[in-house]
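Heads up: the structure comes next, in structure tokens.
Convention: sequence-line order gives letters A, B, ...; per-chain numbering from 1.
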There are 2 protein chains.
Amino acid sequence: MDKYIGMSKKDNNTEEKIIQAAEVVFIEKGMAGARMQQIADVAGINKALLHYYYRSKEKLFNVIFKIAFKAFIPNLLEVFKGDKDFFTKLRYFVSKYIDVLERNPHLPGFVLHEISHRPDNLMKMVKEMNFDVDFIQDQIAEEIAQGKIKAIDPAQLLINVISLCIFPIVAKPMISGVIYKGDEKAYKKMLKDRKTHVADFIINSIKP
Amino acid sequence: MDKYIGMSKKDNNTEEKIIQAAEVVFIEKGMAGARMQQIADVAGINKALLHYYYRSKEKLFNVIFKIAFKAFIPNLLEVFKGDKDFFTKLRYFVSKYIDVLERNPHLPGFVLHEISHRPDNLMKMVKEMNFDVDFIQDQIAEEIAQGKIKAIDPAQLLINVISLCIFPIVAKPMISGVIYKGDEKAYKKMLKDRKTHVADFIINSIKP
DNA sequence: ATTTAGATTAACCATATGGTTAAACTATAT
DNA sequence: ATATAGTTTAACCATATGGTTAATCTAAAT
């Protein structure tokens, strides 16, 4: 096991442990509901050590938020830059994105909740990571121009796609409780089916 | 101005003021982020008076949550019990529901966040108010049987409808920021258009 | 072996926060 | 006028919470 200079003591991945613990706690409880003590407990360290690495709760939160936000708008969108058929890319995206969210069910709720709570602060952060979804809208416009899909506002279509992917995850307890009367299995099956259903539903709507 | 027996002092609608203040604060900040002091301030009363009417933060929260939840799943769903054409009812529902949410933009985020934070406690509460969306799914199944709409899992269709209505509200800062680059006007226009767009999009997808 | 510099902890600190209490207030009934 | 019963408040209280400090520990460098 090689060590770097200036590295000491038994545990050389404390930062990593803190990040992982903070991810779990923040994403589940949100900024307001999270407790530094609990993060320390989950990380298996002293509370003061949190402040040694990340000076304040807010600083630590910002680190976690960035990580969460990147996972929330994944590289997956890049598939639309490929030269495959648009419907094929759509099917791929929907399936993979629901897959990602299914494995991080608290992620979208966390990001949406926090971003709507401190829009200014967080939108600034978002802008720093400069995301771009314009190229997708351009591509939709191009598809329409070529008569490959019906006329539709590209922004609306984009919003529809992400709504149909994300909402069923954000509203899991709601859907699971009200529609499926608490039957978790039924909810899970619905999500699985959804990986193809959503793309079918969209394509049905926009094919010429 | 008539008074009831056992009613006293200048202000006879303190409870009302508390509820309104609590609604504003809880729905904007969530249970964890809300402060009893702020609720008292917004209501223009002493903090102790909150505890006089509602013994604890949790009790007060439960009252507000019920109100919020009822507004979140509005009577609007009743329109599907009418004998109008299914597509007509769908158009009406989508338009009116987006309208309601537009005027209470923090409502869906609040309900979803809290319900996913304490699923057991809150689902119990939800069950007490026993909601029923089965009749809508039955109706969808019936429409399919009559060949009036394409074959589709009724639950999936129902989830699609509410996803397309609610998500754009929950994700307002997200959409406004990332898709519309902070242009509030553009976001508002999108929402307005959406009142017809969503129904069109759905009907396009499911018409035979 | 000693020094050094970063890592870790126990013990604190100041403040925020939910909640309580006892006194004061107000309108109504007598 | 006085009593009564609900209403309202200022002053507290106990605890939780984010954050700090000073001492201790550890591994590497000398």
Which residues pass the side chain to side chain donor-acceptor pair (under 3.5 Å) test with Asn46(B), sequence neighbours left out? none
Please enumerate all residues that pass side chain to side chain donor-acceptor pair (under 3.5 Å) together with Gln156(A), with sequence neighbours excluded. Arg194(B)
Whole-Å gap separating [atom2] ([N]) and [atom1] ([X]):
X	N	atom1	atom2	result
Asp41(A)	dT9(C)	CG	C1'	14 Å
Lys17(A)	dT8(C)	NZ	C1'	11 Å
Gln37(B)	dG18(C)	CD	P	9 Å
Tyr54(A)	dA7(C)	OH	P	12 Å
Asn46(A)	dT24(D)	CG	P	16 Å
Tyr53(B)	dT9(D)	OH	C1'	13 Å
Leu49(A)	dC25(D)	CG	P	16 Å
Leu50(A)	dA10(C)	CG	P	14 Å

Tell me whether the OP1 or OP2 atom of dT8(C) has a side-chain N or O from Tyr52(A) closer than 4.0 Å. no
Ignoring backbone atoms, test whether Thr14(B) places a side-chain nitrogen or oxygen under 4.0 Å from the OP1 or OP2 oxygen of dT7(D). no
Find every protein N or O atom lying less than 3.5 Å from an N or O atom of nucleotides 15-17 of chain C, and list the pairs.
| from | atom 1 | to | atom 2 | distance (Å) |
| --- | --- | --- | --- | --- |
| dT17(C) | OP1 | Arg35(B) | NE | 2.5 |

Parallel, tilted or perpendicular: which fits the ring planes of Phe61(A) and Phe110(A), with parallel below 30° and perpendicular above 60°? perpendicular
Both Ile45(B) and Met31(A) contact DNA chain D. Taking the nearest nucleotide for each, which residue is further toward the 5' end? Ile45(B)
Measure the angle between the two terminal helix axes of the helix from dA1(C)-dT30(D) to dT30(C)-dA1(D), five base pairs each, and quote it to 10°. 10°
Can you figure out which of dA10(D), dG19(D), dT8(C) approaches the side chain of Ala48(B) most closely? dA10(D)
Just compare dG19(C), dT8(D), dA10(C) and give me whichever is closest to any side-chain atom of His51(B). dG19(C)
Tell me every residue that passes salt bridge (charged side-chain N to carboxylate O under 4.0 Å, His left out) with [X], counting only those two or more places apart in sequence or in another chain.
X	answer
Lys124(B)	none
Lys59(A)	none
Lys185(A)	none
Asp134(A)	Lys181(B)

With a cut-off of 3.5 Å and sequence neighbours excluded, list every side-chain donor-acceptor pair involving residues 195-204 of chain B.
| from | atom 1 | to | atom 2 | distance (Å) |
| --- | --- | --- | --- | --- |
| Lys195(B) | NZ | Asp99(B) | OD1 | 2.7 |
| Lys195(B) | NZ | Glu102(B) | OE1 | 2.9 |
| Thr196(B) | OG1 | Asp193(B) | O | 3.1 |
| His197(B) | NE2 | Asn160(A) | ND2 | 2.9 |
| Asp200(B) | OD1 | Arg91(B) | NH1 | 2.6 |
| Asn204(B) | OD1 | Lys150(A) | NZ | 3.1 |
| Asn204(B) | OD1 | Lys207(B) | NZ | 2.8 |

Could you tell me if Lys29(B) and Gln38(B) have a donor-acceptor pair between their side chains, going purely by distance under 3.5 Å? yes
